[in-house]
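Here is the structure we will look at, set down as structure tokens.
Order of the sequence lines sets the chain letters (A, B, ...), proteins ahead of strands, with each chain counted from 1. On a predicted model such as this, the values are computed, not experimentally measured, just so you know.
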Amino acid sequence: MKYHFNEIEEKWQKYWAENQTFKAKNQSDKPKYYVLDMFPYPSGAGLHVGHPLGYIASDIYARYKRHKGFNVLHPQGYDSFGLPAEQYAIQTGQHPAVTTEENIKTYRRQLDQIGFSFDWSREVRTSDPNYYKWTQWIFIQLFNSWYNRVSDKAESIDTLIAIFASEGNAKVNAECDDDVEVFTAENWNSYSSEGQQEILLKYRLTYLAETEVNWCPALGTVLANDEIVNGVSERGGHPVIRKKMTQWSMRISAYAERLLQGLNTIDWTDSLKESQRNWIGKSVGASVTFNVKGHDAKIDVFTTRPDTIFGVSFMTLAPEHELVSQIATDEQIDEVNAYREATAKRSERDRMADVKTISGAFTGAYAEHPFTKAPLPIWIGDYVLAGYGTGAVMSVPCGDQRDYDFANHFNIAIPNIFEGIDISEEAFGDKDNTVITNSDFLNGLKYKKAVKTAIYELEKLGQGEGKTNYRLRDAVFSRQRYWGEPFPVYYIKGMPQMIDAKHLPITLPEVEKYLPTETGEPPLGNAMVWAWDTTTHTVVDNSKINDTSVFPLELNTMPGWAGSSQYFNRYMDPENDDEIFSRDAINYWQQVDLYIGGSEHATGHLLYSRFWQKFMFDLGLVPHDEFAKKLINQGMILGTSAFVYRVEDQNKFLSKGIIGNENVLPIHVDVSFVNSSDELDIDAFKNWRPEFKNAEFTLENGVYKVGRDVEKMSKSKYNVVNPDKIVEDYGADSLRLYEMFLGPLEQYKPWNTAGITGVHSFLKKLWKLYNDDNGLKITEAVATKDNLKTLHKTIKKVAEDIENFSFNTSVSTFMIACNELTAQKCTSKEILEPLLILISPYAPHIAEELWSQLGHSESISTADFPIFDASHLVESTKNYPISFNGKMRFTLELSLDLSKDDIEAAVMADEKTIVQLQGREPKKVIVVPGKIVNIVG
RNA sequence: GCUGAAGUGGUGGAAUUGGUAGACACGUUGGACUUAAAAUCCAAUGUCCAUUAGGACGUACGGGUUCAAGUCCCGUCUUCAGUACCA
């Protein structure tokens with residue numbers, strides 16, 4: 001019988017689906033294990049060979065864990081809200097739900113043909129109302145919570161209201177807006193309901209506030225910081241400007257310290273943890289208050305170097321700083337305004353690109369040094385960012401290069417406070433190797449002591465205190481889009497009200513157009529039925545709005561990360577209509593044991609999810625405040641693009657090797673037109689596009705050679721390789737093995753279809769090990785010593801590889817085992833049966849087929865992983881004399897229960913001692929004459 | 001600039017973590033089978049010297065530790081990724 005992979009794979013995929021082989025139960029005698037993939041956004045282009053890489057790895061691990069006796073949860077779903085479906089809808093009028101459904105079908109077909117062991121009965125889709133009901137529910141929980149710094153966790157807003165009503169807010173230590181005023185219990189009780197709501201909004205974990213946001217005019221929406229790359233939008237690369245808008249925000253900053261500390265408790269990659277640490281951006285220092293001369297105004301600054309307080313010679317404010325217009329003098333106001341306008345016009349990108357040019361303006365005002373009372377000129381400059389710290393700095397030119405350059409440029413004094421340091425050329429930024437001088441009470445102190453002393457003195461003066469600052473900003477949660485979760489929010493007199501959770505979900509309304517309205521409202525402004533009736537608790541026609549019982553609903557929708565911030569918990573109990581998940585389900589599955597996904601989500605999804613998980617932990621909903629114990633970043637599979645070279649202004653193409661001094665333009669050409677020797681199929685190319693129909697080619701050695709380059713796989717680069725084709729030609733098992741064989745999981749590596757013949761011929765050889773022309777050739781023959789050795793070294797290596805996620809090397813191990821057993825003419829069932837179990841996580845279809853041929857009626861996935869027996873690896877005693885540097889050296893490979901002392905004694909007695917074999921694991925003893933150097937193993 | 005990862009044949013990559021560098025695969029070359037091609041199988045394949053036997057060199061570069069270094073230490077260079085006027 002021949003290896004008909006297409007038939008075999010179809011057969012077993014059908015079998016798995018019909019028998020629900022991989023359905024996980026929410027209780028079991030077995031230990032649980034939760035393996036999760038980052039769920040995909042179902043794009044219209046379908047999957048390319050790069051997408052399944054992580055899924056294959058997690059599938060291998062999940063199948064391995066099943067063999068190892070675990071009850072494995074391995075679900076999959078779709079992150080199905082998002083921009084592309086909406087933009088397609090804008091262009092075509094097609095409802096995003098329709099395109100999304102189509103795309104999901106394609107994805108599902110493509111995923112199924114690779115043979116994943118997903119439990120599809122637990123599928124979730126973020127755009128499904130039964131799912132986003134719970135996204136809305138969490139939003140309501142966040143709205144109804146505040147962050148108590150004393151207990152260091154989120155608490156119900158009711159506890160805060162009780163405190164306000166009994167003692168006011170003076171003693172409350174909460175994470176809240178900066179501008180809350182102090183009030184007493186009497187004040188509170190005298191406020192109107194709206195007044196109270198307005199105050200509470202400043203404390204809630206999700207709040208409505210006028211914030212400066214990243215506005216992308218081309219996309220017509222705001223973006224979170226992590227959605228902006230190099231000053232342009234991550235999607236589409238459109239310019240982004242700063243704009244003030246009223247938006248929902250998430251008070252993630254309340255969790256900054258816990259998000260930072262939590263990193264120490266989870267097994268995630270160092271680079272990813274480092275990214276999150278940088279994003280959170282903790283810095284320890286002090287806040288210092290400077291009085292402005294002749295004004296009531298005070299300037300608060302944050303500094304990490306309070307020890308350099310006597311080196312301050314001026315102040316710099318961000319141009320956008322709110323004090324600027326107040327304090328600028330009449331003489332300077334024109335210059336100041338001109339400068340502010342000039343910087344406002346510059347886009348984020350310009351400002352980032354142009355960091356070398358020093359610019360600024362003098363406000364004419366002076367601040368007062370807290371200790372010396374000396375006047376300090378107040379400048380504005382765009383090197384100070386409005387969005388970081390307080391948007392103002394105390395400038396210490398001798399200790400900070402930017403302040404130094406600014407002072408130099410505008411001829412401001414540069415006092416030196418570092419003993420014996422020359423600052424005539426540049427600032428001195430090193431904090432550890434000097435002593436402070438010219439600094440009154442700090443004279444003679446070193447950095448650490450000076451910082452403490454400075455903070456102590458500032459506190460005594462009431463003009464400063466020790467402070468920790470975080471770069472992490474609150475996350476904007478409103479998007480001016482159609483295809484996202486609607487907020488469960490309506491407005492009474494402009495104040496947001498939550499819809500009671502029992503009336504969820506609030507489903508997306510139908511709209512005629514997916515664009516913003518003519519008045520600039522978000523797309524939901526086009527909806528005709530989008531008002532909340534508080535008597536019937538239903539969404540009703542807008543015309544019924546009367547501001548007594550029917551009110552307008554929120555027009556924004558939630559951002560892409562809303563739906564992905566809790567999906568991993570929902571998989572535990574996805575059908576539950578009464579709760580987000582049952583207590584039993586979460587207590588059973590606890591948290592994700594292994595999460596595999598791309599590192600591009602480091603500061604987005606992975607940070608927001610940790611935030612929501614911690615919040616849900618505070619509410620007592622989940623047993624762990626980290627959602628994923630271990631996380632692995634799979635690398636990306638890159639495409640190998642091909643180029644043809646067109647002579648400038650002509651329809652002539654030069655083969656790669658003969659390009660001389662001509663000006664040629666490289667053009668991406670579809671990789672399917674090129675063979676493995678980089679030769680172009682000229683006819684296919686000519687038929688590709690009309691403009692190439694009459695193209696002329698200059699060949700080398702009779703062929704046209706293309707150029708090659710490794711790039712990200714993308715439609716526009718014509719380097720996409722479709723897994724459908726690979727599965728058709730070589731089978732899913734070959735695809736799975738080859739993706740693993742390509743290299744280490746975490747690494748970025750180029751795809752090269754040519755190499756797949758290696759793993760494919762391995763599968764054919766494997767098949768032949770079990771079958772010949774007469775059918776199955778397995779016998780009950782007793783395994784030979786060599787057979788057993790091959791099997792057990794394979795068991796050992798494969799188990800180690802899977803535990804270490806070194807899937808690439810196990811593929812080699814299988815090939816070696818297969819070759820060895822073929823050479824040994826092994827037909828023994830005793831060997832070949834366990835071998836199948838080893839291979840089945842990697843190549844499940846062929847393993848299932850051969851397994852059933854061996855007479856099993858149950859799926860191979862129910863089989864136990866073979867047990868490793870080291871005794872089969874034991875060699876007869878060997879004694880290798882190796883000449884080294886004129887000395888004799890021995891490497892004894894042995895297996896023994898002898899202690900190190902026994903070996904030592906034996907070797908010391910006689911250099912050529914042969915130690916009798918007695919035990920299990922082989923050991924290697926490195927010996928030089930008279931001395932044991934090392935015992936390995 | 002800072003942070004992190006990495007640098008091994010023509011190529012993708014192994015190397016039990018200090019113990020025979022280049023496993024395994026692709027590619028290339030030669031051979032077998034075939035009318036022929038495909039498929040399959042066999043052999044060779046780090047570089048240099050040598051007819052052979054064999055020898056020398058070799059893991060980005062320069063030093064060091066060690067009986068022993070791709071692996072550890074110091075310095076230099078290069079590449080990739082993230083981040084960036086963060087006070």
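When the P atom is compared between rC48(B) and rG10(B), the two are found 10 Å apart, to the nearest whole Å. Taking the P atoms as reference points, rC72(B) lies 23 Å from rC2(B), given to the whole Å. Atom C1' of rA23(B) sits at a distance of 10 Å from the matching atom of rG13(B), rounded to the whole Å. Taking atom P on both rG4(B) and rA14(B), the two are 23 Å apart, rounded to the nearest angstrom. Going from the C1' atom of rU66(B) to that of rG18(B) covers 9 Å, rounded to whole Å. Comparing the P positions of rA44(B) and rU52(B) gives a spacing of 16 Å, expressed to the nearest Å.
The salt bridge (charged side-chain N to carboxylate O under 4.0 Å, His left out) check on D729(A) picks up K725(A), with sequence neighbours excluded. In this structure K777(A) satisfies the side-chain contact (heavy atoms from CB on, under 4.5 Å) test together with D772(A), sequence neighbours excluded. For H48(A), the ring-ring contact (aromatic ring centres under 6.0 Å, His included) partners two or more places apart in sequence, or in a different chain, are H51(A).
Regarding F807(A), its CZ atom lies at a distance of 14 Å from the P atom of rA14(B), rounded to whole Å. The separation between R473(A) atom CZ and rU83(B) atom P is 17 Å, rounded to whole Å. Rounded to a whole Å, the CG atom of N804(A) is 13 Å from the P atom of rA14(B). The NZ-C1' distance, from K282(A) to rU3(B), rounds to 18 Å in whole Å. The distance from atom CZ of R402(A) to atom C1' of rC2(B) is 13 Å, rounded to the nearest whole Å. A straight line from NZ of K793(A) to P of rA23(B) spans 15 Å, rounded to a whole angstrom. If you take CG of L385(A) and P of rU83(B), they are 16 Å apart, rounded to a whole angstrom. The CH2 atom of W268(A) sits 16 Å away from the C1' atom of rG82(B) (whole-angstrom rounding).
Among the nucleotides rC24(B), rC26(B), rA87(B), the one closest to any side-chain atom of S812(A) is rC24(B). Each of rA23(B), rU40(B), rC86(B) was ranked by its minimum atom distance to the side chain of I816(A); first place goes to rA23(B). Of the candidates rU3(B), rU83(B), rA87(B), the closest approach to any side-chain atom of E274(A) belongs to rU3(B). Closest to the N752(A) side chain, of the nucleotides rC86(B), rG82(B), rC26(B), is rC26(B). Closest to the side chain of T304(A), from the set rA14(B), rA87(B), rC24(B), is rA87(B). With distances taken from any side-chain atom of M815(A) to the nucleotides rU40(B), rC85(B), rC24(B), the minimum falls on rC24(B).
Ion pairing of E274(A) with R277(A) is present here, as a side-chain N (NZ or NE/NH1/NH2) and a carboxylate O approach within less than 4.0 Å. Look at E257(A) and K282(A) and you find a salt bridge, because one of the NZ, NE, NH1 or NH2 atoms lies within 4.0 Å of a carboxylate O, short of that distance.
Sequence neighbours left out, not one pair with a member in residues 749-768 of chain A passes salt bridge (charged side-chain N to carboxylate O under 4.0 Å, His left out). Evaluation of the salt bridge (charged side-chain N to carboxylate O under 4.0 Å, His left out) test over residues 735-744 of chain A, restricted to residues two or more places apart or in two chains, returns D59(A)-R736(A).
Contact annotation: R277(A) side-chain N/O to rG82(B) OP1/OP2 distance is not under 4.0 Å. Phosphate contact (OP1/OP2 of rA87(B), side-chain N/O of S283(A), threshold under 4.0 Å): present. A sub-4.0 Å separation between OP1 or OP2 of rU40(B) and a side-chain N or O of K764(A) is present. Look at N469(A) and you won't find any side-chain N or O under 4.0 angstrom from OP1 or OP2 of rA87(B).
Where G755(A) and G281(A) meet RNA chain B, the nucleotide closest to each residue was compared, and G755(A) sits on the side nearer the 5' end. Toward the 5′ end of RNA chain B lies the nearest nucleotide of P750(A), the other residue of the pair P750(A) and V811(A) mapping further downstream.
T603(A) comes within contact range of no nucleotide atom at all, as no heavy-atom separation falls under 4.0 Å. At the heavy-atom level, K765(A) lies under 4.0 Å from the strands shown only through sugar-phosphate atoms. Residue-level contact check: D403(A) touches neither bases nor backbone, having no heavy atom under 4.0 Å from any strand.
For Q747(A) (side chain) and G635(A) (main-chain N/O), no donor-acceptor pair under 3.5 Å exists by modelled atom type. The backbone N or O of I378(A) lies less than 3.5 Å from a partner atom in the side chain of T363(A), making a donor-acceptor pair.
Because its glycosidic torsion is within 90° of 0, rG9(B) is reported here as syn. Classification of rU59(B) as anti follows from a glycosidic angle more than 90° from 0.
Sorted by residue number, the members of residues 740-747 of chain A with any non-hydrogen atom under 4.0 Å from RNA chain B read F741(A), L742(A), P744(A), Q747(A).
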